[in-house]
Amino acid sequence: MTTPPGAQRPDPAAVDAYLSELLVPADEALAGALADSEEAGLPSIAVSATNGKLLHLLARVQGARRILEIGTLGGYSTIWLGRALPADGALITLEYSAEHAEVARANLARAGLDKVVEVRVGAALDSLPVLADEGHVFDLVFIDADKVNNPHYLEWALRMTRPGSVIVVDNVVREGRVADPADDRPDVTGTRAALRLMADHPKLDATAIQTVGAKGYDGFAVAYVQG
């Protein structure tokens, strides 16, 4: 059903709040992660509750046992992903800032995931070759870090996944700027290069979805790693 001409459209943030209340029950650990991240002065850029639930469901549908997250922040999305793992599963998350990692570790401990999740600190492009040398293979990779390096993160994800793995890249629409050829800001060019790699790489079958809600206008991409 479409909105009648002249009628006021609902506020996307209000719709997000309705969906969250309906489908994402209140949770002490997740609420605490957001509150402590805010108190510590972390930027308010964690995924929304509904997007966090989507990551959780994707990991469960995937049957993921090994997950890689690039960009931890305060650990909010990490908790969602970690809770999707089986008893013998494991998650490695990469965070540039030692201060952010400290907040994330406390949040993960409160959620009972400190034995499941390993937080590695440092530039992801330094940590990723180490992970590859260690022989890690991941069932799901979530990329949500500095956007200029998105294509590099995607290339490393391809080295450490298998046929059947899933790669999710967040914030790929950039308020629609990704489709503006005149926009050459680094976050846009990096994101655009990652999307082009998804489109052209023979091992990837991908799509991207626009989103609107409490976090504004953006979107995410999902790629399936083919044999």
Side-chain angles (χ1 to χ4, degrees), residues 47 51-52 54-72 77-78 80-81 84-86 89-96 118 120 122-211 217-227:
V47 301
N51 283 357
L54 175 62
L55 289 171
H56 176 83
L57 293 175
L58 284 173
R60 290 182 64 188
V61 169
Q62 170 67 0
R65 303 171 72 87
R66 298 289 182 270
I67 296 176
L68 171 64
E69 178 183 52
I70 304 175
T72 315
S77 57
T78 322
W80 277 114
L81 289 166
L85 288 167
L91 188 158
I92 296 175
T93 182
L94 309 180
E95 173 53 46
Y96 178 79
E118 178 187 357
R120 299 199 183 189
L125 290 179
D126 293 333
S127 299
L128 288 164
V130 175
L131 290 176
D133 288 343
E134 292 172 355
H136 290 282
V137 178
F138 298 100
D139 306 306
L140 187 146
V141 178
F142 177 47
I143 300 173
D144 188 14
D146 56 311
K147 311 310 172 186
V148 66
N149 282 313
N150 272 344
H152 305 303
Y153 297 148
L154 182 56
E155 288 169 347
W156 278 108
L158 275 166
R159 298 187 193 191
M160 291 183 284
T161 47
R162 56 169 180 79
S165 293
V166 172
I167 302 171
V168 182
V169 183
D170 202 12
N171 307 126
V172 300
V173 172
R174 317 303 297 162
E175 297 183 328
R177 292 187 288 119
V178 72
D180 179 2
D183 194 320
D184 60 357
R185 281 172 280 189
D187 64 318
V188 171
T189 57
T191 299
R192 198 180 287 138
L195 289 170
R196 173 51 58 190
L197 179 58
M198 285 184 168
D200 293 344
H201 201 288
K203 287 180 62 178
L204 292 177
D205 190 11
T207 191
I209 304 294
Q210 299 181 83
T211 58
Y217 173 35
D218 213 318
F220 62 92
V222 179
Y224 178 79
V225 181
Q226 306 179 111

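Along the sequence shown, residues carry numbers from 1.
Asp187 pairs with exactly one of Arg192, Arg174, Lys147 by the side-chain hydrogen bond (donor to acceptor under 3.5 Å, both in side chains) rule, that one being Arg174. Applying the salt bridge (charged side-chain N to carboxylate O under 4.0 Å, His left out) test between Asp139 and each of Arg60, Arg65, Arg66, Arg162 identifies Arg162 as the sole match.
Taking every heavy atom of both residues into account, Leu195 and Ala208 meet most closely at CD2-CB, 4.5 Å. Nearest heavy atom pair, residue Ala223 against residue Leu204, reads CB-CD2, 3.9 Å. In plain terms, the two heavy atoms of Leu81 and Glu69 that are nearest each other are CD1-OE2, 4.1 Å. Between Ala64 and Leu85, the closest heavy-atom pair is O-CD2, 3.5 Å. Nearest heavy atom pair, residue Leu158 against residue Thr161, reads O-OG1, 3.4 Å. Nearest heavy atoms, Ala145 versus Gly71: CB-CA, 4.2 Å.
Contact of the Arg159 side chain with the Leu128 side chain is not registered, since no non-hydrogen atoms from C-beta on lie closer than 4.5 Å. For the pair Leu54/Phe220, a side-chain contact is recorded, criterion being any heavy-atom separation below 4.5 Å from C-beta on. Residues Tyr153 and Val141 form no side-chain contact, since every pair of their non-hydrogen atoms from C-beta on lies 4.5 Å or further apart. At a threshold of 4.5 Å between non-hydrogen side-chain atoms, the residues Val169 and Met198 count as touching. Two residues are said to be in side-chain contact when any heavy atoms from C-beta on lie closer than 4.5 Å; Leu68 and Trp156 fail this criterion. In this structure the side chain of Asn171 never reaches within 4.5 angstrom of the side chain of Asn150, judged on heavy atoms.
Distance check, rounded to the nearest 0.5 Å: OH of Tyr96 to CD1 of Ile70 gives 16.0 Å. A distance of 11.5 Å separates OH in Tyr217 from CZ in Arg177, rounded to the nearest 0.5 Å. Here the straight-line distance linking atom CG of Asn51 with atom OG1 of Thr211 works out to 6.0 Å at 0.5 Å rounding. A distance of 4.0 Å separates CD1 in Ile92 from NE2 in His136, rounded to the nearest 0.5 Å. Separation of atoms CZ (Arg196) and CG (Leu154) is listed at 13.0 Å; rounding is to 0.5 Å. Rounding to the nearest 0.5 Å places CG of Asp133 at 9.5 Å from CE of Met160.
For the pair Asp218 (side chain) and Val172 (backbone), a donor-acceptor distance under 3.5 Å is present. Not a single donor-acceptor pair under 3.5 Å links the side chain of Ser165 to the backbone N or O of Leu140. In this structure, the side chain of Thr191 does not engage the main chain of Val188 through any donor-acceptor pair within 3.5 Å. In this structure a side-chain-to-backbone donor-acceptor pair under 3.5 Å is missing from Glu155 to Ala194. A donor-acceptor pair is defined here as one N or O able to donate and one able to accept, closer than 3.5 Å; such a pair exists between the side chain of Gln226 and the backbone of Pro202.
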Report task. Take Ile143 and Ile167, measure what side chain to side chain contact (heavy atoms under 4.5 Å, CB included) needs, and give me the verdict at the end. Result -> CA-CA 8 Å; Ile143 300 173; Ile167 302 171; 4.0 Å; yes
Query raised in the report: Val166 and Leu58: side chain to side chain contact (heavy atoms under 4.5 Å, CB included), yes or no, with the steps?
Result: CA-CA 9 Å; Val166 172; Leu58 284 173; 5.6 Å; no
Query raised in the report: Does the pair Leu131 and Leu94 meet the rule for a side chain to side chain contact (heavy atoms under 4.5 Å, CB included), with working shown?
Result: CA-CA 10 Å; Leu131 290 176; Leu94 309 180; 4.1 Å; yes
Query - Test side chain to side chain contact (heavy atoms under 4.5 Å, CB included) applied to Val130 and Arg120, step by step - result: CA-CA 11 Å; Val130 175; Arg120 299 199 183 189; 4.0 Å; yes
